[in-house]
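Remarks on the structure that follows.
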Amino acid sequence: MHLSYLSVLGSLISSTAAQSTFTPARPPSIPLAVKSPYLNTWFPAGSEGGNGGYLPGQWPTFYTGQITGWTGLVRVDGKTFTWMGLPKDIEAAYQVAFEYTSTKSIFTIEVDHKVQLKATFLSPLTPNDLKRQSLIFSYLQVEVSSLDGANHDVQLYTDISAEWVSGDLNAVAQWDFGTAGDISYHKIWKQNQQLFNEVGDRAEWGNFYYATDSQLYHLSHQSGSDLDVRRQFTREGKLTNSADTNYRAIRSDWPVFGYAVELGSVGASPTSTVFSMGLCQDEAMQFLGKDGLTNLHSLWKSYFPDDVAALSFFHKDFPESNKLSSDLDAKIFGDSTNKAGDDYAILTSLAARQAFAGTQLVGTEQKPFLFLKEISSNGNTQTIDVIFPASPIFYYTNPELVRMMLDPHFDNQESGHYPHKWAIHDLGAHYPNATGHEDGGDEHMPIEECGNLLIMVLAYVQRSGNNDYIKQHYAILKQWADFLVTDSLYPAYQLSTDDFAGHMVNQTNLALKGMIGLEAMSKISTIAGQDADAKYFTDKAHDYITQWQDLAINKGDNPPHTILNYGNWSSHGLLYNLYSDKLLNTNLVPQSVYDMQSAFYPTVNQKYGVPLDTRHPYQTKGDWEIFCAAVASEQTRDMFIADLAKWVNETPTSRPFIDLYDTNSGKHVDAVFGDVHMVFLARPVMGGMFAALIV
Ligand SMILES: *[C@@H]1O[C@H](CO)[C@@H](O)[C@H](O)[C@H]1NC(C)=O
Ligand SMILES: *[C@@H]1O[C@H](CO)[C@@H](O)[C@H](O)[C@H]1NC(C)=O
Ligand SMILES: *[C@@H]1O[C@H](CO)[C@@H](O)[C@H](O)[C@H]1NC(C)=O
């Protein structure tokens, strides 16, 4: 419990404040509406910036920490309480339980010992249904029932503020209220629309919607200043159905867009009200591909003529969408617990919305792309070495999604937009611009990205049976493999994906990625009917891996282990690239190396995990730990998973599932690039939590 929460609660009930339960864990930050890089609102829970995870008494925030005002009030027998947010001078109800699944965050809140309110935030995931998955919307379902056996007179209220439409609080917002069929909606947008622009990672174009059923018994609505609209509800239990047309800056008397629902006399059986909210952008990305520079539409535009048609479909789809999401929740939970126990489900379930929300579907039904934002670590578009750690969740749910992430890379690089012989790092310096690097000035990670692409293509083809994919792209795949032949035995001074750790020569783990990439190319050549190439690349891979075992293993240490870079005998690190050898069934690396690493990791484990490498003795990356766990002995796997699950529950950070953290204190770690410090949060790389489910 935290003081801020206690003091809010203190006025309500004396010293016996109920504490909430948290099932299956208390995440550092709780996903509320987490669906795309621009619809990404969380509830900070960890003690550094969060309130412990209690929905009444604190504002939800975008992943950057900027407040996205979202309020919930309930009036019970004439007295009003807050169940979400921190509106002025309105008592907080108290939360008794919180639970999360892969797609839902569910808060159970008790109001005045009279009614129970259950708020379910559902950001649906439908990986095999692109029409549904393309919609950038999220649900809030509120169920109210009597707690004490008596009937109570109840009105429900919720609003969102204009803070949702821009990262610039001085920007002028505009709004409108409308109905379509039996749906009512508030529409809010930034008056000065700036296509493809961001302020503080927020989209500066598009329309936000907040919708519910019009035909509910006694729905009322109102726009206006936060104090006016909420006061109206507190006093009357209903709103005025009027609009404030003084369009103004987001921070000027904080315009909010509210609904009040007359629930009438509420007894033991729950009443349910569903709200839908989200973002519509006709044009989503700029892309430099085969046809030159083009603007790509949001994929939902292929299925719906306009915003309101999309919104109406989504809102009415709640029963089906809820069912599809619950099915996926059950599958992820069941597969995770079967594979590695309850702790593993803590990790996969927390990662699912975050990983998908690092992406969005764009293009057309004939040619859909899945674009990914390198959230928080610099905003690059379609970073190969971020797609790679994220990819396990996509292979697990629908391997075609991996192809839809790789397709834009092939389009760009096969049409001559990249000058180097190795693979590109990303498709654009900042999302949503996938405008490439025609000057070759991207962040070079030559072995990393060549290896990643060969590995990801083969893993896709093995799972999809789409052998044509290899034939279409054979020439450039071979070009990347040829680069690995020259460079992977003795990797030149370069970056790996862990760029915050700096450049280094002869990196053991990077060399291994290159060699597995070569063996992957051999299998790719076989599929393409290029038998001479197949023999050439497998011979190279086997020759190199034999030499690598002498260069990269400290055999004299007790216990023996791989080292961070050749000749640096006292160093060590997570050998996470071993994972791909199992993923692809390439069997390049002898079992003795797996066994050696499984025996070694427990000897250097700390409170919350095994350090990434000896350059920073107390920091690690959660995604790479799970890559190691997935191919380790059962005992070592369980150690990695138990420690990371414990970290989720105990870390003081309130940032969305960070991947770089301190193994002793559990705190966040800054990634340092020159003068720039950044925290790796809300990154799609946490899709890597699914690594053990696909090997
Ligand atoms: C994307 O590119 C446009 C120019 O085409 C530029 O105005 C905009 O600022 C860029 N967006 C970001 C987020 O960098
Ligand atoms: C890389 O490792 C090899 C083998 O230990 C060594 O001969 C070579 O000098 C190293 N390269 C550099 C630049 O240190
Ligand atoms: C050897 O490893 C340490 C970390 O254990 C690292 O700081 C150092 O730079 C490495 N030395 C060389 C020559 O690469």
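Numbers here simply count residues along the sequence, with the first being 1. We count ligands from 1, going down the list as the structure has it; atoms in each ligand are counted the same way.
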Side chains of [X] and [Y]: is there a donor and an acceptor less than 3.5 Å apart?
{"X": "T41", "Y": "T68", "value": "yes"}
{"X": "E449", "Y": "N452", "value": "yes"}
{"X": "D426", "Y": "H437", "value": "yes"}
{"X": "W422", "Y": "D487", "value": "no"}

Hey, is ligand 1 close enough to [X] that some N/O pair sits below 3.5 Å?
{"X": "F196", "value": "yes"}
{"X": "H430", "value": "no"}
{"X": "N197", "value": "yes"}

Amino acids contacting ligand 2, non-hydrogen cut-off under 4.0 Å: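 For ligand 2, the contacting residues are Y490, V505, N506, L551, Y566.
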Classify the ring geometry of Y210 against W70: parallel below 30°, tilted from 30° to 60°, perpendicular beyond 60°.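 Correct class here is perpendicular.
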R615, any N or O under 3.5 Å of ligand 3 N or O: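 R615 vs ligand 3: no N/O contact under 3.5 Å.
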Between S496 (side chain only) and L510 (backbone N and O only), is there a donor and an acceptor less than 3.5 Å apart?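 No; zero donor-acceptor contacts below 3.5 Å.
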Identify, by atom number and element, the atoms of ligand 1 in contact range of [X], meaning under 4.0 Å from any of its heavy atoms.
{"X": "N433", "value": "1 (C), 2 (O), 3 (C), 8 (C), 10 (C), 11 (N), 12 (C), 14 (O)"}
{"X": "Q286", "value": "1 (C), 2 (O), 3 (C), 4 (C), 5 (O)"}
{"X": "Y431", "value": "13 (C)"}

Under 4.0 Å between a Lys/Arg side-chain N and an Asp/Glu carboxylate O for D482 and K478?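 No salt bridge links D482 with K478.
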For K373, is there an ion pair with D201 - N to carboxylate O distance below 4.0 angstrom?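 Yes, D201 and K373 are salt-bridged.
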Using a 4.0 Å cutoff against the non-hydrogen atoms of S571, which atoms of ligand 3 qualify?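 So the atoms of ligand 3 that pass are 2 (O), 5 (O).
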Just grab all the salt bridge (Lys or Arg N to Asp or Glu O under 4.0 Å) pairs involving residues 284-298, residues at least two apart or on different chains.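 Qualifying pairs, neighbours excluded: K290-D411.
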Any chance you could lay out the ring pair (Phe, Tyr, Trp, His ring centres under 6.0 Å) test for F657 and W42, step after step, and finish with the verdict? CA-CA 11 Å; F657 209 174; W42 297 74; 8.9 Å; no
